[in-house]
Asks: 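The structure is given below, and queries will be raised subsequently.
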Amino acid sequence: MSGISDTERMITLKTVEGTLFDVKSSIAKDLKTVQAFIDDSDDDVTSPIPLPNVFTRELSRILDYLNNHHRFRSGIEKADEEMARYDAEFAKSMSHEELKALILAANYLNVKDLLEFLNQTVADVIQNKSVEFVRNFFGIENDYTPEEEEKLRNENEWAFNGVEQD
Amino acid sequence: MQMEAEDPTAAVLLCEVVVMEILSWLPAKPLTRLKLVCKSWNSIISHPHFVKLHLHRSPKIAILLFTPLDEENKWGLVFSSVESFIQNPSSTLDAQENRYSLHVNDWVVGYISENSPCLRVNMLNALGFGYDESSGSYKVLAIIWDSSGTLITQVYSFGGSSWKRIKSFPAFPFSCQDNGYFIGGTLNWIALRNPHGADYDWYAVTLDMLMLVSFDLKSDTSKQIPLPKGIDEIPVKSQPWEFGEIACIFFMITTALILLHGK
């Protein structure tokens with residue numbers, strides 16, 4: 001009868017570096033991987049949940065994003081504008097490496113809205129860039145022979161107008 | 001109980017699912033370029049599952065295909081993804097009862113039915129395609145001769161259910177190969193004033209019968225613009241050129257290059 005309600009319950013998460021984060025269970029619900037883990041556990045989870053693939057920098061950003069979005073959504077007027085401004089700043093504050101690292105973490109933790117936002121952000125970054133830039137960005141090696149590449153490029157010549165120089 | 005760790009060597013690359021998600025937000029042009037990144041990206045982009053995901057993203061990435069449906073001069077609109085037509089320009093249209101399905105390489109990319117916004121035409125004079133920023137929609141403009149020889153102009157807005165007949169053009173586009181030049185929210189043609197019907201005598205056309213017609217996609221209205229002074233020959237070739245906010249149409253005639261300020 002005098003139990004703590006769900007929204008007040010805190011979950012503790014531990015990053016690769018061993019940093020502990022206390023997270024409200026309402027926020028933890030957005031970390032679907034964590035939530036699934038909690039749901040699957042037989043007993044109440046009391047000890048810190050270790051996240052073997054998530055670093056402090058990423059978890060900190062993710063929680064920041066989620067906390068802010070929860071705040072924006074809690075019925076204040078004009079939240080859309082503020083949220084859009086926050087999102088723009090959030091995206092701008094990261095280097096390309098940090099962006100990729102965050103996508104990895106958000107993907108692992110299955111944070112749907114954030115992941116969608118990050119994916120769109122990356123799409124915006126690469127939209128007008130050259131093929132070489134995109135390879136570097138994703139760390140991909142070209143496995144075409146020069147002949148194959150030339151053939152493919154010729155077949156799709158129209159698509160190569162207006163590309164930004166690296 | 002421990003949460004599973006992923007293979008640390010896999011962390012360097014974003015997994016295929018994530019790559020697919022990112023790519024699905026891109027319009028067709030960059031997407032086509034990125035087939036050159038590597039062979040596996042080529043497969044991803046060409047895969048039917050990805051095509052479907054991409055199509056799902058946004059109607060703005062899709063195209064309208066204005067295609068003949070059957071023998072009776074009936075034309076219809078098919079909603080399809082640019083992707084499928086980039087990869088497979090050949091396609092077949094199958095009729096099943098009242099539905100026509102457009103097949104590209106065996107997977108269906110679009111449907112039109114008897115109820116879809118079809119247009120019956122005797123003679124399609126010109127077709128224009130453009131984008132209206134104010135409403136965020138694509139529009140198709142069809143200029144048609146009806147059976148009594150009258151010029152009719154119809155506009156279709158992507159997402160709508162029917163063609164809208166609008167106050168007709170003051171003239172008809174005389175270079176029928178043109179699909180109109182889309183500049184700054186308007187579609188533009190060189191046109192012939194006071195058309196006497198479909199069978200006009202080309203050799204009787206004089207310069208004063210010609211003008212520019214500009215169709216505004218936002219208001220669905222057209223206006224005439226006289227040709228600039230100084231042209232003394234009928235323009236044989238014209239080319240649009242856009243630079244930021246200023247749009248121009250170059251008219252190349254045999255002896256001189258005339259620059260027309262379009263907006």
Side-chain angles (χ1 to χ4, degrees), chain A residues 13-14 16 33-34 36-37 40-43 45 47 49-54 100-101 103-109 115-116 118-135 137-144 148-150 152-153 155-163, chain B residues 1-46 50 53-54 56-58 60-61 63 82-90 239-244:
Chain A
L13 304 172
K14 187 164 88 168
V16 170
T33 310
V34 170
F37 176 77
D40 286 347
S41 299
D42 292 330
D43 312 309
V45 177
S47 57
I49 303 173
L51 305 173
N53 297 300
V54 184
K100 280 192 292 176
I103 289 179
L104 274 177
N107 189 46
Y108 174 74
L109 291 170
L115 199 48
E116 189 170 298
L118 294 174
N119 288 338
Q120 287 186 54
T121 304
V122 171
D124 286 342
V125 167
I126 66 175
Q127 184 156 336
N128 290 316
K129 299 288 201 295
S130 69
V131 172
E132 198 48 45
F133 178 97
V134 176
R135 282 188 195 129
F137 183 94
F138 289 91
I140 295 174
E141 264 202 50
N142 181 11
D143 57 353
Y144 286 113
E148 286 169 337
E149 194 171 337
E150 171 143 2
L152 203 53
R153 192 176 272 259
E155 283 168 11
N156 297 292
E157 204 189 313
W158 66 277
F160 286 87
N161 299 327
V163 177
Chain B
M1 196 169 158
Q2 292 255 310
M3 282 186 67
E4 277 180 44
E6 289 174 346
D7 174 3
T9 58
V12 174
L13 300 170
L14 294 181
C15 65
E16 194 168 287
V17 169
V18 172
V19 167
M20 259 178 118
E21 285 287 321
I22 292 172
L23 294 179
S24 72
W25 294 104
L26 290 173
K29 199 167 161 188
L31 213 43
T32 307
R33 276 206 299 275
L34 296 183
K35 288 189 196 177
L36 268 89
V37 166
C38 64
K39 291 181 182 173
S40 82
W41 275 42
N42 195 1
S43 310
I44 291 176
I45 292 170
S46 315
F50 176 76
L53 174 66
H54 188 253
H56 175 65
R57 277 295 169 228
S58 163
K60 287 183 189 167
I61 302 175
I63 57 166
V82 188
E83 261 320 280
S84 47
F85 283 96
I86 287 167
Q87 295 157 45
N88 304 292
S90 66
Q239 185 137 0
W241 177 70
E242 204 168 319
F243 181 77

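So you know, we letter chains A, B, ... as the sequences are listed, proteins then strands, and number each from 1. Being a predicted model, the structure only gives us computed values, none of them experimental.
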Asks: Quick check: are there more than 12 heavy atoms from other residues, nucleotides or ligands sitting under 6.0 Å from CD of E149(A)?
Replies: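 Yes, because the 6.0 Å sphere around CD of E149(A) holds more than 12 heavy atoms from other groups.
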Asks: Y144(A) and N42(B): side-chain contact (heavy atoms from CB on, under 4.5 Å), yes or no, with the steps?
Replies: CA-CA 11 Å; Y144(A) 286 113; N42(B) 195 1; 3.2 Å; yes
Asks: Hey, what do you get for CG (N107(A)) to CD (E21(B)), rounding to the nearest 0.5 Å?
Replies: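 Result: 9.0 Å between the selected atoms.
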Asks: Just to verify, which of E148(A), E132(A), R153(A) counts as forming a side chain to side chain contact (heavy atoms under 4.5 Å, CB included) with L36(B)?
Replies: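 Exactly one candidate clears the test, R153(A).
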Asks: Which of the residues V17(B), V18(B), V19(B), L23(B) is involved in the greatest number of heavy-atom pairs with chain A at under 4.5 angstrom?
Replies: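 If we count pairs closer than 4.5 Å to chain A, V18(B) comes out on top.
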Asks: Under 3.5 Å, is there a donor-acceptor pair between the side chain of R135(A) and the main chain of C38(B)?
Replies: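 Checking the backbone N and O of C38(B) against the side chain of R135(A), no donor-acceptor pair under 3.5 Å is found.
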Asks: Can you give me the closest heavy-atom contact between A123(A) and I22(B), atom names plus distance?
Replies: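 The pair with the smallest heavy-atom distance is CB-O, 3.6 Å.
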Asks: Should W41(B) and V131(A) count as side-chain neighbours, where that means a heavy-atom distance under 4.5 Å?
Replies: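 No, every pair of side-chain atoms sits at 4.5 Å or beyond.
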Asks: Pick from D124(A), N119(A), I126(A): which one has the most heavy-atom pairs with chain B under 4.5 Å?
Replies: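 The residue among D124(A), N119(A), I126(A) with the greatest pair count is N119(A).
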Asks: Is E150(A) atom CD crowded by more than 12 heavy atoms from other residues, nucleotides or ligands, each under 6.0 Å away?
Replies: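 For E150(A), atom CD is not crowded (no more than 12 foreign heavy atoms under 6.0 Å).
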Asks: Which atoms form the tightest heavy-atom contact between Q127(A) and R33(B), and what is the distance?
Replies: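 Shortest heavy-atom separation between Q127(A) and R33(B) comes out as O-NH2, 2.8 Å.
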